Amino acid sequence: MNRKHTIAILVNDQPGVLQRVSGLFGRRGFNIESITVGSSEEPGLSRMVIVTTGDDHTLEQVQKQLYKLIDVIKVIDVSGNPMVGRELGLIKIGAEPSARPEILGIVETFRAAVVDIGPSTLIVQVVGDSEKIDAMIELLKPYGIRELSRTGVTAMNRGFR
């Protein structure tokens with residue numbers, strides 16, 4: 001049965017690692033819904049967080065294949081345990097001055113922030129799980145979304161592990 005998986009991969013910070021990891025997913029027929037890469041707590045190592053959908057058996061095979069890549073240090077199925085996952089969204093919307101009070105009400109409800117104000121646009125920043133960002137986008141659609149940029153999910157397991 002297909003389900004969503006969030007996988008954290010600790011890798012050496014080397015050129016070409018991202019391409020090799022993403023290529024492995026593609027060869028296995030997994031679509032990458034989102035991928036984030038950044039520094040980890042260890043100098044010289046980066047953490048990739050990949051969100052994908054597939055069955056457990058195929059994911060297990062992908063994990064085994066990942067360990068065969070020379071620059072992969074550790075692979076964790078973060079979604080296998082309680083986790084905290086967050087994403088950042090920047091949304092530029094059409095916002096004539098008369099519509100701004102309504103839009104600011106939505107922004108406040110979602111604990112988001114207006115990060116830029118133009119003569120006829122606003123850029124809103126929202127941080128949270130993917131469902132929160134999806135919900136905010138839906139509420140802002142009637143005002144006209146001019147541009148949308150999302151970071152993709154980054155995640156960690158809860159607790160002291």
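These numbers were taken from a predicted model, which means no experiment stands behind them.
I76 and I7 fall into different hydrophobic clusters, where Ile, Leu, Val, Met, Phe, Trp and Tyr are joined by side-chain heavy atoms under 4.5 Å apart, directly or via other members.
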Kindly list each side-chain donor-acceptor pair under 3.5 angstrom involving residues 103-124, sequence neighbours excluded, with atom names and distances?
from : atom 1 : to   : atom 2 : distance (Å)
T109 : OG1    : G105 : O      : 2.8

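A distance of 10.0 Å separates CZ in R28 from CG in L66, rounded to the nearest 0.5 Å. A distance of 8.5 Å separates CZ in F30 from OG1 in T53, rounded to the nearest 0.5 Å. To the nearest 0.5 Å, atom CD1 of residue I70 and atom CD of residue Q14 are 10.0 Å apart. Atoms OG and CD1, from S149 and I91 in turn, are 10.0 Å apart once rounded to the nearest 0.5 Å. Summarising the geometry, atom CE belonging to M136 is positioned 10.0 Å from atom CD belonging to Q125; distances are rounded to the nearest 0.5 Å. In this structure, CG on D77 lies 10.5 Å from CD1 on I9, to the nearest 0.5 angstrom.
Scored by the side-chain contact (heavy atoms from CB on, under 4.5 Å) test, D56 finds R3, H5 as partners (sequence neighbours excluded). N12 pairs by the side chain to side chain donor-acceptor pair (under 3.5 Å) definition with D71, not counting sequence neighbours. Under the salt bridge (Lys or Arg N to Asp or Glu O under 4.0 Å) criterion, E33 pairs with K4, sequence neighbours left out. K141 meets the side chain to side chain donor-acceptor pair (under 3.5 Å) test with E138; sequence neighbours excluded. Listed by chain and number, the residues in a salt bridge (Lys or Arg N to Asp or Glu O under 4.0 Å) with K92 are E147 (sequence neighbours excluded). Shown here are the salt bridge (Lys or Arg N to Asp or Glu O under 4.0 Å) partners of R150, two or more places apart in sequence or in another chain: E87, D134. Residues meeting the side-chain contact (heavy atoms from CB on, under 4.5 Å) test with T6, sequence neighbours left out: V49, V51, V78, S79, M83, A155. Residues that satisfy the side-chain contact (heavy atoms from CB on, under 4.5 Å) test with I32, not counting sequence neighbours, are S22, F25, I35, I50.
Residue pairs meeting the salt bridge (Lys or Arg N to Asp or Glu O under 4.0 Å) criterion with at least one member in residues 36-51, sequence neighbours excluded, are E41-R47. Pairs passing the side chain to side chain donor-acceptor pair (under 3.5 Å) check and including a residue from residues 58-70, sequence neighbours excluded, read D55-T58.
Nearest heavy-atom pair, G54 versus N2, reported as atom, atom and distance to 0.1 Å: C-OD1, 3.3 Å. Contact between G128 and I133 at its shortest, heavy atoms only, is O-CD1, 4.0 Å.
Looking at T151, its side chain does come within 3.5 Å of a backbone N or O of L88 through a donor-acceptor pair. Remark: side-chain polar atoms of S34 are paired, donor with acceptor, to backbone N or O of V153 under 3.5 angstrom.
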Practice problem: Just do the side chain to side chain contact (heavy atoms under 4.5 Å, CB included) check on V11 and K74 with the steps written out, would you? | Solution: CA-CA 7 Å; V11 298; K74 190 172 185 180; over 6 Å; no
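N81 has its side chain out of reach of R158: every pair of non-hydrogen atoms, C-beta onward, lies at least 4.5 Å apart.
No side-chain donor from either of E96 and Y143 sits under 3.5 Å from a side-chain acceptor of the other.
In the hydrophobic clustering, where aliphatic and aromatic side chains (Ile, Leu, Val, Met, Phe, Trp, Tyr) are joined below 4.5 Å either directly or transitively, L10 groups with L45, I73.
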